[in-house]
Number of protein chains: 2
Amino acid sequence: MSQTPRPPVGRSAPTSADVARLAGVSRATVSYVLNNTAAVRISEPTRLRVRAAAEELGYVPHAAARSLRAGHTRTVVMPSARRPAGPLPLRFYDEFQGELRRLEYTVVEYGGLGLDGDEAARAWAELRPVAVVCPGGTQPTAHGVSLLRRSGARAVVTLGPHPTQGAHFLALDERRIGAAAAEHLIQRGRRAIGVVVPREPVPAHCARLRLEGVRAAADGAGARTVALPMAYEEESAAALAARWRATGLDGVFAFDDEYAMLLMRALQDEGVDVPRETAVIGAGDLLLGRLLRPRLSTVRVDTVSGRRLADFVDRMVREPAAEPEHHDLMAARAVHRESS
Amino acid sequence: MSQTPRPPVGRSAPTSADVARLAGVSRATVSYVLNNTAAVRISEPTRLRVRAAAEELGYVPHAAARSLRAGHTRTVVMPSARRPAGPLPLRFYDEFQGELRRLEYTVVEYGGLGLDGDEAARAWAELRPVAVVCPGGTQPTAHGVSLLRRSGARAVVTLGPHPTQGAHFLALDERRIGAAAAEHLIQRGRRAIGVVVPREPVPAHCARLRLEGVRAAADGAGARTVALPMAYEEESAAALAARWRATGLDGVFAFDDEYAMLLMRALQDEGVDVPRETAVIGAGDLLLGRLLRPRLSTVRVDTVSGRRLADFVDRMVREPAAEPEHHDLMAARAVHRESS
DNA sequence: TTGAAAGCGGTACCAT
DNA sequence: ATGGTACCGCTTTCAA
């Protein structure tokens with residue numbers, strides 16, 4: 001335990017040459033031993049000396065040098081900006097990352113915030129990733145994809161509402177959530193549908209798509225829709241509730257369960273009967289929504305497992321498809337409880 | 001727009017030599033131009049030719065080669081495993097990452113899942129990061145810290161409940177949350193305090209610490225405590241509520257607001273009067289907790305801004321302190337509403 | 001069984 | 001104002 005806690009930082013990290021010197025062998029031998037190179041047989045005593053020397057010096061190979069020499073990396077870049085919030089996507093991406101690690105990739109979650117479009121693609125390309133996975137909200141342009149592929153990326157995969165030219169596309173379409181909600185409300189006889197659009201910036205992207213989904217479904221069924229900006233604060237919900245009757249709405253899709261719970265409480269405080277006067281539906285199937293009275297109706301979202309996504313990326317890396325592939329990852333269906 | 005979408009991937013990425021050839025200059029000149037090297041004057045026509053050539057080829061510098069030559073990186077590694085869930089930490093880390101980017105660091109969020117302790121430290125060290133920031137639950141050992149520093153990391157910063165030898169330490173002590181909750185309950189006359197311990201694996205680390213915090217506070221005040229394992233499911237909460245009266249508890253700290261809401265609903269369904277018979281307090285100050293009746297008491301957690309953390313890391317990188325520094329990042333205080 | 005040496009891509013010194 | 005060139009640390013022929 002009395003190991004020196006802060007070793008002199010002046011001297012830089014030991015290299016394989018240092019190990020070689022200490023072990024009395026050449027750098028080549030060090031490389032053979034530490035990588036267990038099968039094509040070359042090194043005597044056991046030598047192996048031990050090399051290992052001991054590496055251990056003693058605290059030798060750690062230099063990833064940059066290695067991949068420079070190798071001409072490729074096992075790096076998968078995943079921009080992390082503007083990920084949909086909530087526990088579900090979080091689990092999904094955690095699982096995805098874990099599975100990629102299992103497949104021996106180094107996952108680099110690159111905070112693309114503050115870079116726009118092609119700048120970001122350039123920054124990722126500098127790392128010479130073997131694959132790039134872009135979650136919704138971080139889609140590169142066709143030009144960005146081209147740049148990445150030219151710089152050696154064997155697969156560029158985008159998740160989101162619409163494909164990018166040249167990239168694999170895994171549909172993860174938030175519009176479906178809105179559509180499922182709208183269809184549910186319409187089926188239950190509602191014809192004047194409000195759609196909560198969060199004032200908060202984070203889910204702005206999702207919000208627009210969910211609204212689009214509602215509109216598409218409602219337009220086809222002759223229902224009218226009204227966008228309702230609302231902040232995630234009690235005052236904002238109360239203000240919206242106060243002018244509720246004036247809107248003449250008989251149903252509302254509240255973006256997600258949290259906004260739905262907030263709005264439903266405000267409506268109740270205002271004396272609006274849910275679901276008699278106004279049906280309320282959220283999305284995400286939060287457990288908490290089931291604790292309210294009336295129990296909150298919701299849209300349940302089923303995403304493919306992170307593991308399947310990881311396997312897909314791996315397959316695209318190993319046998320790059322001639323043409324971009326296109327798969328569907330998300331299903332959304334309304335769950336009727338009591339609030340609608 | 002009819003740019004070829006998938007350029008031939010056979011040929012590898014263009015190098016500065018390719019740019020030099022196309023522009024009819026040397027590699028050195030290319031480097032000077034593209035880096036705007038101040039110490040060297042390059043004529044305007046040459047600059048233009050080089051830029052045009054780089055553009056035409058889609059040249060992107062090779063980060064590994066550059067940092068190999070430079071002898072250092074601007075990479076900050078942040079292991080991402082087992083981050084406390086919830087919107088608050090998420091925002092905190094997002095802001096932190098954004099600020100680091102602003103300071104021109106490349107944030108690499110390294111999924112350390114599946115690696116244990118020193119293995120993980122080794123994996124990080126291979127990237128030769130200039131700094132490593134370990135959120136709670138990913139603390140390296142003293143040996144790991146030593147390894148990282150030997151491999152060139154100018155700062156190793158840990159956030160969490162206890163310090164690691166040799167690393168900077170920013171206290172982010174979950175125990176305080178438990179302590180604040182316990183003190184609140186005790187102050188309101190409760191002497192038999194239940195502590196919900198989630199059965200879910202993710203917040204296991206936090207759970208233990210919060211429980212410790214409760215115990216420390218309760219022991220000092222002569223109150224007894226009981227750990228109450230509970231899963232985040234209605235059935236589990238109902239089961240706990242069903243045997244509630246037998247426990248003789250008159251107060252409960254429910255780990256966080258979500259578990260608190262779940263348990264409170266179950267208690268109410270069982271006919272237990274909250275707060276008369278049993279006081280309930282959560283943590284996190286979720287907005288949703290204010291929507292319940294009775295309104296949920298909670299522990300509000302104030303964390304320092306991500307920006308201040310980023311500035312701290314930057315300072316440690318620029319002027320490495322002789323001794324590890326130690327700062328306090330978290331304050332917790334109970335907020336009394338109606339459930340306690 | 002081991003070593004010498006070439007080179008991956010970029011930078012920066014020293015010439016010219 | 002530019003070019004030649006020696007590195008950075010590692011892998012991998014090829015020779016001995």
Side-chain angles (χ1 to χ4, degrees), chain A residues 11-50 53-54 57-75 122 125-128 130 150-152, chain B residues 11-51 53-54 57-75 125-128 130 150-152:
Chain A
R11 296 289 8 102
S12 54
T15 72
S16 73
D18 296 320
V19 177
R21 205 169 307 122
L22 182 57
V25 298
S26 74
R27 290 162 59 214
T29 305
V30 171
S31 176
Y32 294 142
V33 171
L34 296 183
N35 294 309
N36 287 312
T37 307
V40 176
R41 307 222 63 80
I42 302 282
S43 69
E44 201 52 33
T46 305
R47 302 186 97 86
L48 291 176
R49 283 216 317 286
V50 169
L57 294 176
Y59 169 71
V60 176
H62 193 302
R66 186 193 303 238
S67 65
L68 179 57
R69 170 65 224 228
H72 62 258
T73 68
R74 296 279 292 171
T75 301
R122 241 188 80 98
E126 292 193 356
L127 303 177
R128 295 293 191 273
V130 68
R150 236 183 340 232
S151 74
Chain B
R11 298 285 10 100
S12 53
T15 71
S16 73
D18 296 321
V19 177
R21 207 168 306 124
L22 183 58
V25 299
S26 73
R27 287 188 321 141
T29 304
V30 171
S31 176
Y32 295 143
V33 171
L34 296 183
N35 295 308
N36 287 312
T37 308
V40 176
R41 306 222 61 81
I42 303 283
S43 70
E44 200 54 32
T46 305
R47 303 185 96 87
L48 291 175
R49 283 216 316 287
V50 169
R51 293 229 168 78
L57 294 175
Y59 169 73
V60 176
H62 193 304
R66 185 190 301 225
S67 66
L68 178 58
R69 169 67 226 219
H72 62 257
T73 68
R74 295 280 292 173
T75 300
E126 292 192 358
L127 303 178
R128 295 293 190 272
V130 69
R150 232 180 346 225
S151 74

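Between the C1' atom of C:dG9 and the CZ atom of A:Arg128 lies a distance of 9 Å, rounded to the nearest Å. At whole-Å resolution of the value, CZ in B:Arg41 and C1' in C:dT16 are 19 Å apart. The CZ-P distance, from A:Arg49 to C:dT2, rounds to 8 Å in whole Å. Look at NE2 on A:His62: it is 8 Å from C1' on D:dC8, rounded to the nearest Å. Rounded to a whole Å, the CZ atom of B:Arg27 is 11 Å from the P atom of D:dG4. Regarding A:Asp18, its CG atom lies at a distance of 13 Å from the C1' atom of D:dC8, rounded to whole Å. The distance between atom CD1 of B:Ile42 and atom P of C:dT11, rounded to the nearest whole Å, is 13 Å. Summarising the geometry, the separation between CZ on B:Arg21 and C1' on D:dG4 is reported as 16 Å, rounded to the nearest angstrom.
Note on A:Ser16: a side-chain N or O is less than 4.0 Å away from OP1 or OP2 of D:dC10. Contact annotation: A:Ser26 reaches the phosphate of C:dG3 (side-chain N/O to OP1 or OP2, under 4.0 Å). Between C:dT11 and B:Asn35, a contact under 4.0 Å exists linking OP1 or OP2 to a side-chain N or O. Contact annotation: A:Thr46 side-chain N/O to C:dT2 OP1/OP2 distance is under 4.0 Å. Considering only side-chain N and O atoms, A:Ser43 lies under 4.0 angstrom from the phosphate OP1 or OP2 of C:dT2.
Within 4.0 Å (heavy atoms only), B:Val25 reaches sugar-phosphate atoms of the nucleic acid but no base atom. Using a 4.0 Å heavy-atom distance criterion, A:Ser31 is classed as a base contact.
Nearest to the side chain of B:Ala28, among D:dT5, C:dG10, D:dG9, sits D:dT5. Of all nucleotides listed (D:dT12, C:dT2, D:dG3), D:dG3 comes nearest to the side chain of B:Thr29. The side chain of A:Arg69 sits closest to D:dG9 out of C:dA12, D:dG9, C:dA4. Checking D:dC10, D:dG4, D:dT2 against the side-chain heavy atoms of A:Ala65 singles out D:dC10 as nearest.
At a cut-off of 3.5 angstrom, the base of D:dC10 holds no donor-acceptor pair with the side chain of A:Tyr32.
In this structure, the side chain of A:Arg27 does not engage the main chain of A:Ser16 through any donor-acceptor pair within 3.5 Å. Judged by distance alone, with hydrogens and angles left aside, the side-chain atoms of B:Ser26 form a donor-acceptor pair with the main-chain N or O of B:Thr29 at under 3.5 Å.
When all heavy atoms are compared, the tightest approach of A:Arg122 to B:Pro61 is NH2-CD, 3.6 Å. When all heavy atoms of A:Leu57 and A:Pro14 are compared, the pair lying nearest together is O-CG, 3.4 Å.
Remark: of the listed residues B:Leu22, B:Asp18, B:Val50, B:Val19, B:Val19 is the sole one forming a side-chain contact (heavy atoms from CB on, under 4.5 Å) with B:Tyr59.
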